[in-house]
Amino acid sequence: MHEPQFRVGHGFDAHRLVAGRPFVLGGVRIEHERGPLGHSDGDALTHAISDALLGACALGDLGAHFPDTDPQWKDADSLRLLAACHELTVRHGWTIANIDATVVVQEPRLAPHVPLMRDAIADVLGLDVGRISVKAKTSEGMGYTGDGSGIAAFAVVLVEAMSRLA
Ligand code: MG
C-alpha cells in the first residue's frame, strides 16, 4: 500500500481570560490584567500547535495524552506538553516541515511579542524559526475573542515522513 510522505494536522484551542492569571502565549509571558484559565498555564497557541501535531499523526488529542485531572500538569509550562507531543511525532516516524498558527484576541496587542513566541516554539522543537509562523488577529470586537473574555488559537502543521529524508 502506498504510504503518504506528507501529512497535515489541524489544531484549535480556546481559553477564558480571567483576572489573577498570568498571560502566557507561545511560551512567552506578556503583561496583561487577565490571563488564560486552565489546568496548565492555558497557553492556547501552544495547545493548538500540540493538537495539530497529534492530529497529523492521528494520535488523538492533547486532553487524551495529558488529562486535566492529572496533577502533574497543574500550571504546567505548555512548552513541555509541546515537547512531549513532538517526541511522539518523531517516534512515529514524522518530522515537522512547517507550522502556521493564528491567534485571535482583542487585547493585549501581540505583534511585538510574536518574534519571541516563534523563537520559543522553534527552540523547543529544534527547528529553524523560518518554519514557524505565528499570526495575531483580532475579531474586530465581535464575540468572546472580541470582548476580552477569551482567546482562541488555530494551527496547521505539515509533517514529512523521515523515511523520505533518509
Ligand atoms: Mg488549552
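Order of appearance sets the numbers: ligands from 1, and atoms from 1 within every ligand. Every heavy atom of this structure was used, including side-chain atoms; hydrogens, water molecules and symmetry mates were not. Note that the numbering runs from 1 along the sequence shown for the chain.
- Under the 3.5 Å distance criterion, the side-chain polar atoms of Gln5 are matched with a main-chain donor or acceptor of Glu3.
- Panel note: side chain Gln106, backbone Gly148; no donor-acceptor pair is recorded below 3.5 Å.
- Among the backbone and side-chain atoms of Asp43, no N/O/S atom is found under 2.8 Å from the Mg ion (ligand 1).
- For residues 9-33, the pairs satisfying ring-ring contact (aromatic ring centres under 6.0 Å, His included) are Phe12-Phe154, His15-His47, Phe23-His32, with sequence neighbours left out.
- Listed by chain and residue number, Val18, Asp75 satisfy the side chain to side chain contact (heavy atoms under 4.5 Å, CB included) test with Arg21 (two or more places apart in sequence, or in another chain).
- Summary: OD2 is the N/O/S atom of Asp13 found nearest to the Mg ion (ligand 1).
- Per residue His47, closest N, O or S atom to the Mg ion (ligand 1): atom name ND1.
- Take the N/O/S atoms of His15: the one nearest the Mg ion (ligand 1) is NE2.
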